[in-house]
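Structure record follows, encoded as structure tokens.
Note: hydrogens, waters and symmetry copies are ignored here, and every other heavy atom, side chains too, is used. Atoms within each ligand, like the ligands themselves, are counted from 1 in listed order. The structure displayed is predicted, hence computed values, not measured ones. Count residues from 1 along the sequence.
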Amino acid sequence: MLLQVEDLHVTYDTVYGTLNALNGVNLSIEEGETVALVGESGSGKSTLGLSIVRLLPPNGRYSKGSIVLNGKNVVSLSGSEVRRMRGTDVFMVFQDPLNTLNPVKRVSTQVLEALAVRAKKENKAFDQREGISEAIEKFKDVRLPDPEVLIHRYPHQLSGGQIQRVVIAIGLLLKPKLFIADEPTSALDVTIQAQVLKLLNSLKSEYKMSVIFITHDISVAYVIADRFAVLYGGEVSEIGEVSKVVKSPLHPYTKALIESIPKRSRKEGELVAIPGSPPNMLSPPTGCKFHPRCPYVMDVCRTENPPYTEADERTLRCWLYERPPT
Ligand code: ATP
Ligand code: SF4
């Protein structure tokens, strides 16, 4: 197992009190597997990604649980161990890539720095000229225009979409064991989105990398993931193989999410919104966090949070699939 997240709790200190962003997340990922984290805004997807790369903001805290990545517990690594882990064990592409690149260094310099890290990891000699040609090839893969010219530019001379593709290309050059992509294509236009998704998809076979793909768009996740982990209120409400989860969702929240995908038969623009709003994580509902919005709610749901249950080859949290406590 490449990644094993167990009973992970993460909180944020806020002026309004402690916000419980992750509440007992369990997630494991095999080598070469792609798992999509899906769920509405605020469900904890980015927090989970940031926790795995140890990049929680200063007000974020690991309050319980463990994250074992490639045999090491990320939560308890020292600063230098974390720096070593990033790029080799894990690489994360953010929704907003602008802060990922250093604004005062040319793209070529930053690419060469990344390649020097990789060469050190592989115990190989490093040739700058070869590094630049390899990077240009990767830039072509992510459909960057004029890669030979672009590589010598500064980040501010590139568009947001180009920077995003440079960052994805650097991630690919590093060949980390786990590639985390947080809404990596939302800033790109539709054609380039499709190309980048195809490229991320090829990671599995070409590089044997595992991928965590964070998105609120199930139709995008469907294209590239092996498994879906559906997040709600900082918990994994259902996790299973993509085809199972999409064709026969079990958890009422997953059902509602799948229903919300625009169907071709529906009139353009006619989206089915999930009734109600996501929980306020400063004062979440008691019991099952989905209960105020759930059409199947029972008395037990209002007071007791369901445990993890196995049903139809997946893991989920819902009293409909578990004998309520007596
Ligand atoms: P989105 O799709 O909008 O990015 P998400 O599913 O990634 O949402 P997170 O960004 O992980 O969700 O947020 C989880 C919860 O933590 C939300 O309630 C959010 O408001 C809160 N949160 C996130 N970052 C911070 C922060 N830096 N300080 C305080 N609360 C935060
Ligand atoms: Fe609905 Fe109850 Fe299941 Fe929660 S536990 S999803 S409220 S049926």
(request) State plainly whether the residues E113 and R118 are in salt-bridge range, i.e. N to O under 4.0 Å. (result) no
(message) Could you check whether E81 pairs with R84 (Lys NZ or Arg NE/NH1/NH2 to Asp/Glu carboxylate O, under 4.0 Å)?
(response) no
Identify, for [atom], the protein heavy atom at the shortest distance, and state residue, atom and that distance.
{"atom": "atom 29 (C) of ligand 1", "value": "Y12 CB, 3.5 Å"}
{"atom": "atom 3 (O) of ligand 1", "value": "S41 OG, 2.5 Å"}
{"atom": "atom 4 (O) of ligand 1", "value": "S46 OG, 3.5 Å"}
{"atom": "atom 5 (S) of ligand 2", "value": "W319 N, 3.2 Å"}
{"atom": "atom 9 (P) of ligand 1", "value": "T47 OG1, 3.6 Å"}
{"atom": "atom 2 (O) of ligand 1", "value": "K45 NZ, 3.0 Å"}
{"atom": "atom 17 (C) of ligand 1", "value": "G42 O, 3.7 Å"}
{"atom": "atom 12 (O) of ligand 1", "value": "G44 N, 3.2 Å"}
{"atom": "atom 3 (Fe) of ligand 2", "value": "C318 SG, 2.3 Å"}
{"atom": "atom 28 (N) of ligand 1", "value": "N59 ND2, 2.9 Å"}

(request) Kindly give the heavy-atom pair with the smallest separation between Q162 and L144, and that separation in Å. (result) O-CD2, 3.6 Å
(request) Examine ligand 1 and decide if any of its atoms is less than 4.0 Å from a heavy atom belonging to P57. (result) yes
(message) Check for me whether E40 has a heavy atom closer than 4.0 Å to any atom of ligand 1.
(response) yes
Cut-off 3.5 Å, side chains only: do [X] and [Y] have a donor facing an acceptor?
{"X": "N20", "Y": "T11", "value": "no"}
{"X": "S66", "Y": "E6", "value": "no"}
{"X": "E310", "Y": "T315", "value": "yes"}
{"X": "Y12", "Y": "T47", "value": "yes"}
{"X": "E235", "Y": "N305", "value": "yes"}
{"X": "E40", "Y": "S43", "value": "no"}

I'd like to check which ligand 2 atoms, numbered from 1 as shown, lie under 4.0 Å from a non-hydrogen atom of [X].
{"X": "C294", "value": "1 (Fe), 6 (S), 7 (S), 8 (S)"}
{"X": "C301", "value": "2 (Fe), 5 (S), 7 (S), 8 (S)"}
{"X": "L320", "value": "8 (S)"}
{"X": "H251", "value": "6 (S)"}
{"X": "C288", "value": "4 (Fe), 5 (S), 6 (S), 7 (S)"}

(request) Please indicate, with yes or no, if any protein heavy atom is found under 4.0 Å from atom 19 (C) of ligand 1? (result) no
(request) Could you tell me which atoms of ligand 1, counted from 1 in the order shown, lie closer than 4.0 angstrom to a heavy atom of T14? (result) 29 (C)
(request) Any atoms of ligand 1 less than 4.0 Å from a non-hydrogen atom of M281? List them with their elements. (result) 18 (O)
(request) Measure up the F290 and Y253 rings against each other and bin them: parallel (under 30°), tilted (30 to 60°), perpendicular (over 60°). (result) perpendicular
(message) Among R293, E238, R317, exactly one meets side chain to side chain donor-acceptor pair (under 3.5 Å) together with Y232. Which residue is that?
(response) R293
